[in-house]
> 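Right, I'll just put the structure down here and ask away after.
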Number of protein chains: 2
Amino acid sequence: MSLGMALEDYIETIYLLGGEKGAVRLTDIARRLNVRKSTVVDALKRLQEQGLAIHERYGDVMLTQKGVELASRVYERHITLYRFLSDVLGVDDVTASREACDLEHFVSSNTTSRLKKFLEFFNQCEKLKDLINTEFKEFLVYGRIPSICEKKEVKMITLKELKTGEEGVIKKVGCDASIRARLLAMGLVPGERVKVAKIAPMGDPMDIIIKGYHLSLRKDEAKCIEVELE
Amino acid sequence: MSLGMALEDYIETIYLLGGEKGAVRLTDIARRLNVRKSTVVDALKRLQEQGLAIHERYGDVMLTQKGVELASRVYERHITLYRFLSDVLGVDDVTASREACDLEHFVSSNTTSRLKKFLEFFNQCEKLKDLINTEFKEFLVYGRIPSICEKKEVKMITLKELKTGEEGVIKKVGCDASIRARLLAMGLVPGERVKVAKIAPMGDPMDIIIKGYHLSLRKDEAKCIEVELE
DNA sequence: ATGATATGTTAGATTAATCGAACAATCAAG
DNA sequence: CTTGATTGTTCGATTAATCTAACATATCAT
Ligand SMILES: [Mn+2]
Ligand SMILES: [Mn+2]
Ligand SMILES: [Mn+2]
Ligand SMILES: [Mn+2]
């Protein structure tokens, strides 16, 4: 028996108005949400019944602790959806805002957290950001998939076979569980670039560079790490 | 005065049931949507009033032309959202289906078309797909941004300065409008890979390869095309 | 202090969406 | 053709969300 769309919008609005200016008046809410004051009175009554807001006759409107928690969760969904629509899809501001506020009532916390992660990834992964902001935006307008999208064919070999000075991207760490765990812990995880710094006379051990750190690997270990040459 | 969420779901359901099996019975709809038959009767009455469905007492339910058009638009939104939630975000099937059917009532055609484009781009751009299916999925679980995300530093030079055998990615075509238009038309657009096949004795013209085709460019033209070396 | 203006409340009504219970038509076997 | 199961309809009721119109209280300026 969670709140309906409308009530969620009321607490969200109270929450935001509270942040913008100290005291929240019923009229402010009505103005913001474009409804009649009588409608707000009704909504506040119901929020009060649910222990989410406090409203004394002719007084200010406040949210309870529980109300604030719920409101901030609603708002988080709003802002997450807004960012996605606006930053990734390039939807115009007005539409993105309106739709975010419609959609926010229907995304589960699982979906929200995935979407948040997606945005985080989008913001931190230069490569993705670039692809979206340049090639995708271009695709939106001209419908052309640029050849930069094609995967260059790649040679998959094991790390052991790399020569001094060569570099590749780790694709798989396929060793036994125990060794594997150690390697992963050292930063040898899929997606990372590795470069061979030096190889000992007998090919064992080899000195590699990953994330700027030097690491020494035994033949056995290097053998089961698959890398991709670009 | 568009349809409410509920009515949109009714036409969507009728549309889908119609595709699955010839005649659609009121009971089928009730079962599918988990509502009472009396509720369906009511919904059908309203759909009929809006000229979207036809339902004669004790008979089959059918959609009008207008009904089919509307229904298929609703369903398109459904499927688009579902694909995004499922394929890109990796939301589980049950959740993705449920949420797609909730969200579908609130996305504008502008947003829908952008999302469709995004999926199309996702499916055709190997690089993006790979980034999402490998690095993003990994990020979801372990929260690590892989170094593959970092933009390698790139040298920007003009196409003219490339030597035989070298290749780069077009970043900008900065010539005068008329020349520019011709170059773009020939496929020299941002995001495309170019390779220098041969350069004439005096450096003019140069023979380049783009999308597998040979193209001959004059110095003037090559001079104002910026490329990026990976 | 006394209006005018702004703010808030009440009452009564509407609309979409839903339900349950009782009733009615249709259909498939026997 | 009867009859029990399936299918469909009606009716009355509820709930959330909204409105209008009339009324009430508060606040601010002169
Ligand atoms: Mn909202
Ligand atoms: Mn919102
Ligand atoms: Mn739906
Ligand atoms: Mn749907």
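All values derive from a computational prediction rather than experimental measurement. Below, chain A is the first sequence line, B the second, and so on; all start at residue 1.
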> Thinking salt bridges, do R25(A) and D28(A) make one under a 4.0 Å N-O criterion?
no
> Measure from CE on M5(A) to P on dA16(C) and round the result to the nearest Å.
17 Å
> Got a list of protein N/O to nucleotides 9-12 of chain D N/O distances below 3.5 Å?
from    : atom 1 : to     : atom 2 : distance (Å)
dT9(D)  : OP1    : Y58(B) : N      : 3.3
dT9(D)  : O3'    : R57(B) : NH1    : 3.1
dT10(D) : OP1    : R57(B) : NH1    : 2.4

> Check the distance between dA17(C)'s P and N34(B)'s CG and give it to me in whole angstrom.
17 Å
> What is the distance from CZ of R25(B) to P of dA25(C), rounded to the nearest Å?
16 Å
> Taking the six-membered ring of F139(A) as reference, does the cationic atom of K117(B) (NZ for Lys, CZ for Arg) lie under 6.0 Å from its centre and within 45° of its axis?
yes
> Determine: side-chain N/O of R36(B) to OP1/OP2 of dG20(C), distance under 4.0 Å, yes or no.
yes
> Rounded to whole Å, how long is the line connecting atom CD1 of I29(B) with atom C1' of dA17(C)?
16 Å
> Tell me: CD1 of I11(A) to P of dA16(D), nearest whole Å?
16 Å
> Hey, does V35(A) reach any base, or is it just sugar-phosphate, or nothing, if we go heavy atoms under 4.0 Å?
sugar-phosphate
> With a cut-off of less than 4.0 Å, is there a side-chain N or O of Y10(B) near OP1 or OP2 of dA16(C)?
no
> Name the one of H78(A), R77(A), R32(A), R73(A) that satisfies side-chain hydrogen bond (donor to acceptor under 3.5 Å, both in side chains) with E12(A)?
H78(A)
> Any side-chain N or O of T39(B) under 4.0 Å from OP1/OP2 of dC19(C)?
yes
> Which heavy-atom pair separates L89(B) from F118(A) by the least distance, and what is that distance?
CD2-CB, 3.9 Å
> Is E226(A) paired with K171(A) through a side-chain N to carboxylate O contact shorter than 4.0 Å?
no
> Once you round it to whole Å, what is the distance between C1' of dA6(C) and CZ of R31(A)?
10 Å
> Starting at the 5' end of DNA chain D, which residue's closest nucleotide do you reach first, R46(A) or V24(B)?
V24(B)
> Between the side chains of H55(A) and Q48(A), does any donor sit under 3.5 Å from an acceptor?
no
> Figure out the CG/C1' separation between D60(A) and dA26(D), and round it to whole Å.
13 Å
> Without swapping roles, check the side chain of N123(B) against the backbone of L119(B) for a donor-acceptor pair under 3.5 Å.
yes
